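Heads up, the thing below is written out as structure tokens.
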Amino acid sequence: MPEVRFLGHSCVTITEGEHKLIIDPFISDNPKAPVKADEIDVNYILLTHGHGDHVGDAIAIAIRTGATVIANFELASLVASEGVVMHPMHIGGGHDFPFGRVKLTIAHHGGGYGPDASRYTGPPVGFLVTIGGKVIYHPGDTGLFLDMKLIGEMNKIDLAFLPIGDNFTMGLDDAVKAVEFLQPKKVIPFHYDTWDLIAENPAKFADRVQGAEVIILKPGESLKL
Ligand code: NI
Ligand code: MN
């Protein structure tokens with residue numbers, strides 16, 4: 001049974017036996033991170049898009065651990081230019097890895113790496129990760145989109161992460177609608193409270209969601225699926 005651990009913002013680890021994944025490892029510059037980047041030990045690093053609060057410590061972790069970076073072709077090529085092992089994919093494509101399957105979904109957001117976000121990193125993506133018989137959806141940064149309904153119809157989602165912090169991503173109202181579209185068994189809200197600009201009360205989200213169990217994890221807390 002896979003275990004997910006929330007490391008603040010949009011960073012989560014997924015562990016299943018010997019398989020250790022991290023998504024969007026924004027740790028060193030995250031005021032809420034419960035760990036240090038050099039404590040992270042993983043085989044795979046999944047990146048949803050090129051913004052600094054998602055790529056985070058990916059390159060340093062990949063170089064230290066030898067982990068493979070999974071990302072869209074443009075972002076994967078960028079990290080490869082820094083000497084990192086990568087597996088490029090793109091939206092709509094899935095691939096079977098030793099730990100399970102990853103499929104890339106659309107996301108409505110931006111991309112761009114570096115201090116002025118000027119290095120092209122292609123379109124943002126979300127991930128459907130199938131591991132240990134469970135389906136986990138990490139949408140990355142995104143606004144609400146109607147295709148979430150299709151994602152929900154075509155996948156029995158055991159756990160969906162959803163941004164609720166507003167401003168850069170969907171806020172509370174749209175995240176409640178996203179749960180309706182995706183029909184996951186469990187939902188964990190994220191991408192809030194990292195800074196004042198995206199402050200939100202996750203209990204309000206939990207009060208309003210129907211048909212799914214909302215689990216509020218503090219940075220550092222985990223959940224077994
Ligand atoms: Ni972003
Ligand atoms: Mn973000």
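Quick caveat: nothing in here was measured; it's all calculated off a predicted structure. All residue numbers refer to positions in the sequence shown, counting from 1. Just so you know, ligand 1 is whichever comes first in the structure, and atom 1 is the first atom listed for that ligand.
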(message) Can you confirm if the aromatic rings of H51 and F26 lie within a centre distance of less than 6.0 Å?
(response) no
(message) Quick check: of its N, O or S atoms, which one does D141 have closest to the Mn ion (ligand 2)?
(response) OD2
(message) Nearest N/O/S atom of H54 with respect to the Mn ion (ligand 2), by atom name, please.
(response) NE2
(request) Provide the atom name of the closest N, O or S atom of H49 relative to the Ni ion (ligand 1). (result) NE2
(request) Write the atom name of the N, O or S atom in H191 that is nearest the Mn ion (ligand 2). (result) NE2
(message) Please report whether the ring centroid of F145 lies less than 6.0 Å from that of H108.
(response) yes
(request) Check whether the side chains of D141 and H54 place a donor and an acceptor atom closer than 3.5 Å, and report yes or no. (result) yes
(message) Suppose we only allow N, O or S atoms; which atom of D141 ends up nearest to the Ni ion (ligand 1)?
(response) OD2
(request) Report the name of the N/O/S atom of H51 located nearest to the Ni ion (ligand 1). (result) ND1
(request) Flag H9 as yes if one of its N/O/S atoms falls below 2.8 Å of the Mn ion (ligand 2), otherwise no. (result) no
(message) Give me the atom names and distance for the closest heavy-atom approach of D57 to S28.
(response) OD1-OG, 2.6 Å
(request) Using only N, O or S atoms, tell me which atom of D53 is closest to the Mn ion (ligand 2). (result) OD2
(message) Hydrogens and angles aside, do T194 and H9 bring a side-chain donor and acceptor to less than 3.5 Å of each other?
(response) yes
(message) Less than 4.0 angstrom from a charged side-chain N to a carboxylate O is my criterion; do R119 and E82 meet it?
(response) yes
